[in-house]
Trainee: 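Sharing a structure, written as structure tokens. Questions coming.
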Number of protein chains: 2
Amino acid sequence: MQEMKVTVDVVLFTIRARALHALLVRRGVPPFAGQYAIPGGFVRREESLDEAAKRELYEETSVRDVYLEQLYTFGEPHRDPRSRVITAAYYALIGSERLDLMAGADAAEARWFPTQELPKLAFDHRKIVDYALERLRNKLEYTTVGFQLLPEKFTLTELQEVYEAILGKKLDKRNFRRKIGLLRILKPLRERRETGRKPAQLFRFAAERFVKLKEKGILFPF
Amino acid sequence: MQEMKVTVDVVLFTIRARALHALLVRRGVPPFAGQYAIPGGFVRREESLDEAAKRELYEETSVRDVYLEQLYTFGEPHRDPRSRVITAAYYALIGSERLDLMAGADAAEARWFPTQELPKLAFDHRKIVDYALERLRNKLEYTTVGFQLLPEKFTLTELQEVYEAILGKKLDKRNFRRKIGLLRILKPLRERRETGRKPAQLFRFAAERFVKLKEKGILFPF
DNA sequence: CCAAAAGTGTTAGGAGTACACCCATGG
DNA sequence: CCATGGGTGTACTCCTAACACTTTTGG
């Protein structure tokens with residue numbers, strides 16, 4: 001019944017250059033000094049775990065209002081060599097258009113790494129990132145988390161690229177569009193993206209409709 | 001960075017009389033004295049969260065070797081009126097044939113309640129049970145957790161009753177049997193259950209095959 | 001011979017997958 | 001007029017869901 005230290009750690013994902021990236025910060029102090037770790041810190045006495053995760057993310061990346069979800073709680077006795085630390089791990093998603101918000105970041109050495117090329121991580125953080133990747137891949141197929149990685153306005157090709165980056169495989173363009181269309185969760189805008197070539201139709205996520213879909217058990221079958 | 005109390009709480013499920021039941025213990029001391037709660041207790045310094053969950057379950061129900069899975073971690077600042085307590089919630093499944101093991105239970109006032117008729121629960125335990133029910137329903141459809149609620153040898157009707165109890169709806173007998181058959185995860189035994197009427201074929205779960213199925217992404221489509 | 005649960009196939013509709021060409025634009 | 005990415009439809013297969021009767025046994 002002894003008390004223990006409790007932290008939250010957050011795996012922040014985004015899409016850059018058509019690849020899924022995770023944000024890592026370089027540790028300045030032992031243990032694991034010089035190694036990369038996922039952002040996180042101690043839970044305060046008067047805040048919930050969710051609040052702590054939001055606060056830590058804001059303090060270390062100056063990012064707010066992201067999709068945030070609790071992942072799993074890791075509590076092996078010696079996962080931190082200094083003392084017993086229980087960590088509630090979270091993952092978060094941010095649209096690539098909001099990356100510039102990172103400018104004022106507190107943590108001097110924060111960097112995006114492609115999830116395919118992660119460096120050696122401190123503590124058991126590799127396990128946490130792997131778990132987050134697995135959860136993200138699963139949730140992509142039956143929820144709308146994918147939209148959290150896009151700006152408010154996006155093209156169908158951009159949406160497909162999010163799915164391809166996370167699932168790690170090419171999808172058929174026509175099948176992808178038909179299935180998304182059947183879900184009726186996208187609202188076409190009166191705008192097009194001027195991109196050098198043929199302009200592409202822009203859409204936004206129409207979340208209102210999704211509630212009804214969930215009740216009917218209609219999902220994302222990729 | 002202050003330290004906090006950390007507990008594990010476990011929702012133990014079983015099937016009785018074709019209905020899903022949860023095990024609750026009556027609290028003898030304040031707060032919430034006299035009310036029912038789910039079994040749980042403090043995590044010790046040198047044990048992992050999983051180990052703590054197994055130990056608490058054993059101490060309060062004298063049950064071992066059950067299916068056990070971490071659910072979610074609840075950490076609202078005032079969920080325990082006495083002090084800050086973080087709880088890693090688990091759920092566990094036990095086959096109905098092992099209920100007699102409960103005889104030597106430590107907790108004097110442990111009782112099974114149908115999940116449809118739960119009493120008022122202490123702390124935020126109602127939220128925990130609801131979350132466990134949701135997880136169980138979801139996992140039933142794409143994993144083999146359902147078998148954990150059955151004895152080693154069971155009939156197809158018994159298996160179907162597990163699915164019906166948890167999903168809360170009747171399933172078509174022929175469709176159910178065809179789908180289970182296609183998965184090829186059941187081994188028919190050279191035994192039948194003599195049950196007064198026409199004897200039913202007994203099966204056991206052939207877990208070996210399931211590994212391969214998971215790799216292929218073949219699931220339980222009910 | 002009656003009651004009770006076990007066991008068994010077919011059909012129609014919907015979803016998934018594979019696949020190739022034309023279109024609009026800027027340079 | 002060419003290069004680039006945007007946009008579109010069909011055919012086949014497979015899974016799902018709906019549906020009713022016969023069999024075996026004990027009493």
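In this text, all values refer to a predicted model and were calculated from it rather than measured experimentally. Naming: A, B, ... by sequence-line order, numbering from 1 per chain.
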Trainee: Can you name the side-chain hydrogen bond (donor to acceptor under 3.5 Å, both in side chains) partners of E191(A), sequence neighbours left out?
Mentor: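 Applying side-chain hydrogen bond (donor to acceptor under 3.5 Å, both in side chains) to E191(A) gives K153(A).
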Trainee: For N138(B), enumerate each residue passing the side-chain hydrogen bond (donor to acceptor under 3.5 Å, both in side chains) test, keeping only those at least two apart in sequence or located in another chain.
Mentor: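 Partners of N138(B) under the side-chain hydrogen bond (donor to acceptor under 3.5 Å, both in side chains) test: none.
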Trainee: Kindly state each residue pair satisfying salt bridge (charged side-chain N to carboxylate O under 4.0 Å, His left out) with at least one member in residues 119-130 of chain B, sequence neighbours excluded.
Mentor: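 For residues 119-130 of chain B: R79(B)-D124(B), R126(B)-D130(B).
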Trainee: Once you round it to whole Å, what is the distance between P of dA17(D) and NZ of K169(B)?
Mentor: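 Spelled out: NZ on K169(B) to P on dA17(D) is 8 Å.
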Trainee: Between L167(B) (CG) and dA17(D) (P), how many Å, whole number?
Mentor: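 L167(B) atom CG is separated from dA17(D) atom P by 12 Å.
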Trainee: Just the rounded figure in Å: distance from C1' of dT8(C) to CG of L156(B).
Mentor: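 The distance from CG of L156(B) to C1' of dT8(C) comes to 12 Å, rounded to the nearest Å.
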Trainee: Expressed as a whole number of angstroms, how long is the span from L171(B):CG to dG7(C):P?
Mentor: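 Those two atoms, CG and P, are 17 Å apart.
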Trainee: Rounded to whole angstrom units, what separation is found between the CD atom of E194(A) and the C1' atom of dG6(D)?
Mentor: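 It works out to 13 Å between those atoms.
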Trainee: Please confirm whether the shortest side-chain N or O distance from K173(B) to OP1 or OP2 of dA20(D) is below 4.0 Å.
Mentor: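 False: K173(B) side-chain N/O out of range (4.0 Å or more) of dA20(D) OP1/OP2.
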Trainee: I'd like a table of atom pairs between the protein and nucleotides 9-12 of chain C - only N or O on both sides, under 3.5 Å - with the distance next to each one.
Mentor:
{"from": "dG9(C)", "atom 1": "O6", "to": "R178(B)", "atom 2": "NH2", "distance (Å)": "3.4"}
{"from": "dT10(C)", "atom 1": "O4", "to": "R178(B)", "atom 2": "NH2", "distance (Å)": "3.1"}

Trainee: My understanding is that only residues two or more places apart in sequence, or in another chain, count here; which of them pass ring-ring contact (aromatic ring centres under 6.0 Å, His included) with Y91(A)?
Mentor: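 Y91(A) satisfies ring-ring contact (aromatic ring centres under 6.0 Å, His included) with no residue once adjacent residues are dropped.
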Trainee: Would you please indicate if the ring centroids of Y67(A) and F147(A) are separated by under 6.0 Å?
Mentor: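 So the answer is no for these two rings.
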Trainee: Which pairs, protein N/O on one side and nucleotides 1-4 of chain D N/O on the other, fall under 3.5 Å?
Mentor:
{"from": "dT4(D)", "atom 1": "O4'", "to": "R197(A)", "atom 2": "NE", "distance (Å)": "3.1"}

Trainee: Considering heavy-atom distances to DNA chain D, does P199(B) or Q201(A) have its closest nucleotide positioned more toward the 5' end?
Mentor: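 Residue closer to the 5' terminus by nearest nucleotide: Q201(A).
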Trainee: Measure CD/Q160(A) against P/dG5(D) and give the value in whole Å, please.
Mentor: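 The answer, rounded to whole Å, is 14 Å.
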Trainee: Without decimals, in angstroms, what is the distance between F203(B) CZ and dA6(C) C1'?
Mentor: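 Distance check: F203(B) CZ to dA6(C) C1' gives 11 Å.
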Trainee: Please name all residues satisfying ring-ring contact (aromatic ring centres under 6.0 Å, His included) with F32(A), sequence neighbours left out, ordered by chain then number.
Mentor: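 Scan of F32(A) (ring-ring contact (aromatic ring centres under 6.0 Å, His included), adjacent residues dropped) gives F123(A).
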Trainee: Which part of the nucleic acid does T157(A) contact within heavy-atom distance under 4.0 Å: base, sugar-phosphate only, or nothing?
Mentor: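 Sugar-phosphate contact only - T157(A) comes under 4.0 Å of backbone atoms but never of a base.
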Trainee: Could you walk me through whether T14(A) and S96(A) pass side-chain hydrogen bond (donor to acceptor under 3.5 Å, both in side chains), step by step?
Mentor: CA-CA 6 Å; T14(A) 198; S96(A) 40; 5.0 Å; no
Trainee: Please pick, from dT8(C), dG6(D), dT25(D), the nucleotide with the shortest atom-to-atom distance to any side-chain atom of R177(B).
Mentor: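 Nucleotide nearest to R177(B)'s side chain: dT8(C).
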Trainee: Holding to ring-ring contact (aromatic ring centres under 6.0 Å, His included), I want the full list of residues that pass it with Y36(A), two or more places apart in sequence or in another chain.
Mentor: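 If we apply the ring-ring contact (aromatic ring centres under 6.0 Å, His included) test to Y36(A), skipping adjacent residues, the hits are F113(A).
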Trainee: Does R197(B) have any side-chain hydrogen bond (donor to acceptor under 3.5 Å, both in side chains) partners at least two apart in sequence or in another chain, and if so, which?
Mentor: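 Scan of R197(B) (side-chain hydrogen bond (donor to acceptor under 3.5 Å, both in side chains), adjacent residues dropped) gives none.
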Trainee: Report the distance from atom CZ of F176(B) to atom C1' of dT8(C), rounded to the nearest whole Å.
Mentor: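 So the two atoms are 16 Å apart, to the nearest Å.
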